[in-house]
J.: 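This is the structure I have questions about; it appears just below.
Everything quoted here is computed from the prediction, not taken from an experiment.
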Amino acid sequence: MNKKPKIHLETFEEYCTSILRYIEWMLHSYFKNTRNISIENIKKHEKEINAYENFNYLSPINESKITVLDDDKINTAPAEKAILDGKLLWEHAAAGEATRLGLGTKYLLNLSRFSLNDIVSHIRQENIKELEKKGFSKAKIAKEKIKINKKINRDKILKICSVDPLKVADISLGNRHMLQMAFDINEIAKRNNQDPIKVLGRQTALIILNEQTAEEILEEFKSFNFFGLNPKKIYFMIQRSFHGIYVKEGCLYYDSTTEKNKRLHNHGQLFMQKIHNNVIFRVNPRNTGKKIFISNTEFEKILSQHEDLLSYNIDDLGYLTCAIDLPSLSMALNLGKKGYAMVMEIVGQNPLKPQKGGACFFDKKLKRVIMIETNQLKNIKNEDIKHLNKNFNHYPNPAKSYRIMKEKGLPITFEVKNTFNQNGDPCDYLYANPVQGNINFMVKTAYVMRKNLKPIYNWKSASTTPLAVKAMYEQDKQPGFKDFVKKIKK
C-alpha cells in the first residue's frame, strides 16, 4: 500500500470507504508491520502519524511575507456594493457540538439561561479536568481544587462578564449570529439609501446543521421569519456523522452495531460533503419539514454567480457586534481579482485561554507561508503558537475551490476518541479529522494580518464563557438592535 489513496466524493458511501483506505495507508506507512496496528498503538503514536510531513522545516512567520490590512486606509465601497448587489454567499457552520464546552449544539446555546454560579462551576470543572488529563493524583487535585475555588469566584467572573448572564436577551447563539448579519446588512442598506427589505432579499446563505438538532434549528429560522432573508435563497446542509472505526488484523472497519459511537468528521468533511449530489436543500417557509434538494451541478452554478463565499464559525464572539468586516471583505474581493481563491486572516493567540486551531508558520522546504492544524504539530503547546487562523475564511471566486475539491478532496488526519460500544462500555475508536483550512495547500491563498494585530476571540471553552456573556450584552446594547429583532419576529 505505497500509493496514497484518493478520497472519493461522488457519494457519501464512497467517501466512507475511501476514508478507511486512506487511514489504512497512513497506518501501514508508519507501522510497517501489520501486527503492530492496534488501537492502543495508534493512540500512543497518534501525534507522530498525523505530523505534517515538513514539520522539521517549520519556522515562525516573517511578517514581511504577509499581506497587511490597514483598516483605516482601505476603500470599503467595493464591499458595500457587493453586499447591496447580493454578490456574496454567506456560509454559517452551525453543526458543531461544542465538545470542549460540553453544552450541546453551539447554535442552540443560550446564556440567558445560565446563572453566574453555573458559569463559575463550569470553569472550575474545566480546570479540574485539565489536572486529571495531566495525571495529577487525587490528593494533589484536592489541594489544587481549593486554589481553583478561591481563584475562580463569582466576583471575578462577574467583572469579566460585565453583567449577570440572566440579564442578557433570551436569544440563542445561532439566532444572535443570524440576526447580527441581517442587522448589519440592514444598516448598510440604509446608509446607502436603499430599501433594506430588498437588499436582504438579494442575499444568499448556506447554513450547516447536524443530524440531531437540524429540525429544531429549521423551526428557529421559521420563528424568526428567516431573519428577513428570502427563504428561496437560504440553503441548508445537514452534516453527516460517522460510526467509530475499529482495527482488525491491520484493516479498518466501521462499528455500525450502535448509534452511540457516531461523531462528526470535523469541518473539512462538511466542505467535501458539498460535493455530494442532492445534499443541499431549501425549505418551505410555512412547513420546514418539506425540503427541496438541489443537485451539486446547480450548487456549483450558484457558487459561480457569487464573488466571494464567507465561511463563518459560529463561536466567533467579535461577530456579535460586527458580523460584516468591510475592510477584510474589500481586501478579499480585490485579491479575488488577482486570482486568489482563499484568504485567511492571521490573529494572535488568546492570552486568557491559549487554544488550538490553524497555526501559521513559514515552511522552509516549500518556501512559503502555510496554515497548518495543531493536530499535525506533534507536541507543540497551544501557548507556544503565536499566530492562529481566525476561523473565518474568504473564498473569492468560490467555484474555483469547489472544483479543486471535487477533483482532489482534502488530505486526511484522524483522532482517537473514547465513546461507547454496543454494550454501553467505554471504547476507543478512530475518526477521520479532515481540516477545511488545508485548502490553503491546494489553491492560491493570501495570508492577511491586520496592521493592529488582534487576539483570537472565540467561545471555545468554559474559561471564555464570561467573554461570551460580555459579547452578547454588548450586542444587545447596539442602538436599534432590539427594535430590529422585534421587527423581524413580527
J.: Between His276 and Tyr15, does any side-chain donor sit less than 3.5 Å from a side-chain acceptor?
T.: no
J.: Going by ring pair (Phe, Tyr, Trp, His ring centres under 6.0 Å), name the residues that satisfy it together with Tyr429, two or more places apart in sequence or in a different chain.
T.: none
J.: Side chains of His394 and Ser328: does their closest heavy-atom pair fall under 4.5 Å?
T.: yes
J.: Tell me whether Asn389 contacts the main-chain N or O of Glu345 through its side chain, where contact means a donor paired with an acceptor under 3.5 Å.
T.: yes
J.: Taking atom types as modelled and ignoring hydrogens, do the side chains of Tyr246 and Asn421 form a donor-acceptor contact shorter than 3.5 angstrom?
T.: no
J.: Enter the distance from Cys360:SG to Ile66:CD1 here, rounded to the nearest 0.5 Å.
T.: 5.0 Å
J.: Do Ile372 and Asn54 have side chains that approach each other closer than 4.5 Å (heavy atoms only, starting at C-beta)?
T.: no
J.: Can you confirm whether Val120 sits close enough to Arg124 that some side-chain heavy atom of one is under 4.5 Å from a side-chain heavy atom of the other?
T.: yes
J.: Side chains of Gln239 and Gln269: is there a donor and an acceptor less than 3.5 Å apart?
T.: yes
J.: Give me the one residue out of Ile42, Leu252, Val247, Ile49 that meets side chain to side chain contact (heavy atoms under 4.5 Å, CB included) with Ile23.
T.: Leu252
J.: Quick check for you: to the nearest 0.5 Å, what is the distance between Leu303 atom CG and Glu298 atom CD?
T.: 11.5 Å
J.: Rounded to the nearest 0.5 Å, what separation is found between the CG atom of Asn393 and the CG atom of Asn313?
T.: 10.0 Å
J.: Would you mind checking if Asp71 and Lys451 are paired as a salt bridge, meaning a charged N to carboxylate O distance below 4.0 Å?
T.: no
J.: Angle class for the Phe236/Phe221 ring planes (parallel below 30°, perpendicular above 60°, tilted otherwise)?
T.: perpendicular
J.: Between Lys364 (side chain) and Asn56 (backbone), is there a donor-acceptor pair under 3.5 Å?
T.: no
J.: Are any of the side-chain nitrogens in Glu126 or Lys129 under 4.0 Å away from the carboxylate oxygens of its partner?
T.: no
J.: Working to the nearest 0.5 Å, report the span between NE2 of His265 and CZ of Arg263.
T.: 11.0 Å
J.: Under the 6.0 Å and 45° cation-pi test, does Lys274 pair with Phe271?
T.: yes
J.: How close do Tyr22 and Pro5 get, heavy atom to heavy atom, and via which atoms?
T.: CD1-O, 3.4 Å
J.: Would you call Trp90 and Met178 a side-chain contact if the rule is heavy atoms closer than 4.5 Å?
T.: no
J.: I'd like to know if the side chain of Ser121 pairs up with that of Gln125 as donor and acceptor (distance under 3.5 Å, no hydrogens or angles considered).
T.: yes
J.: Do side-chain atoms of His243 reach the backbone of Asp255 as a donor and acceptor pair under 3.5 angstrom?
T.: yes
J.: Hey, can you pull the donor-acceptor pairs under 3.5 Å for the side chains in residues 433-442, sequence neighbours left out?
T.:
residue: Asn433; atom: OD1; partner: Asn266; partner atom: ND2; Å: 2.7
residue: Gln436; atom: NE2; partner: Ser311; partner atom: OG; Å: 3.3
residue: Gln436; atom: NE2; partner: Tyr395; partner atom: OH; Å: 3.0
residue: Asn440; atom: OD1; partner: Arg368; partner atom: NH2; Å: 3.4
residue: Asn440; atom: OD1; partner: Met371; partner atom: N; Å: 3.1
residue: Asn440; atom: OD1; partner: Tyr447; partner atom: OH; Å: 2.7
residue: Asn440; atom: ND2; partner: Met371; partner atom: O; Å: 3.0
residue: Asn440; atom: ND2; partner: Gly437; partner atom: O; Å: 2.6

J.: Compute whether any side-chain donor of one residue and acceptor of the other, for Thr465 and His122, lie under 3.5 angstrom apart.
T.: no
J.: Using modelled atom types and a 3.5 Å cut-off, is there a donor and acceptor pairing between side-chain atoms of Tyr107 and backbone atoms of Leu209?
T.: no
J.: I'd like to know if the side chain of Tyr254 reaches the main chain of Cys16, judged simply by a donor and an acceptor atom lying under 3.5 Å from each other, with no hydrogens or angles considered.
T.: yes
J.: So does Glu144 pair up with Lys147, basic N to acidic O under 4.0 Å?
T.: yes
J.: Any donor-acceptor pair under 3.5 Å linking the side-chain atoms of His8 with those of Thr17?
T.: no
J.: Given side chains that start at C-beta, do those of Asn36 and His45 come closer than 4.5 Å, heavy atoms only?
T.: no
J.: Under a 3.5 Å distance rule, please check whether Asn277 uses its side chain to pair with a backbone N or O of Glu10 as donor and acceptor.
T.: no
J.: Quick one: does Ser137's side chain have a donor or acceptor within less than 3.5 Å of a partner on Lys140's backbone?
T.: yes
J.: Rounded to the nearest 0.5 Å, what separation is found between the CG atom of Asn397 and the CZ atom of Arg403?
T.: 9.5 Å
J.: Please name all residues satisfying salt bridge (Lys or Arg N to Asp or Glu O under 4.0 Å) with Arg240, sequence neighbours left out, ordered by chain then number.
T.: Glu211
J.: With rounding to the nearest 0.5 angstrom, report the SG to CD distance, Cys251 to Glu24.
T.: 5.0 Å
J.: Looking at Phe420, I'd like to know if the NZ or CZ of Lys260 sits under 6.0 Å from its six-membered ring centre while staying within 45 degrees of the ring's axis.
T.: no
J.: If we count only N and O atoms by modelled type, under 3.5 Å, do the side chains of Asn175 and Ser172 hold a donor and an acceptor together?
T.: yes
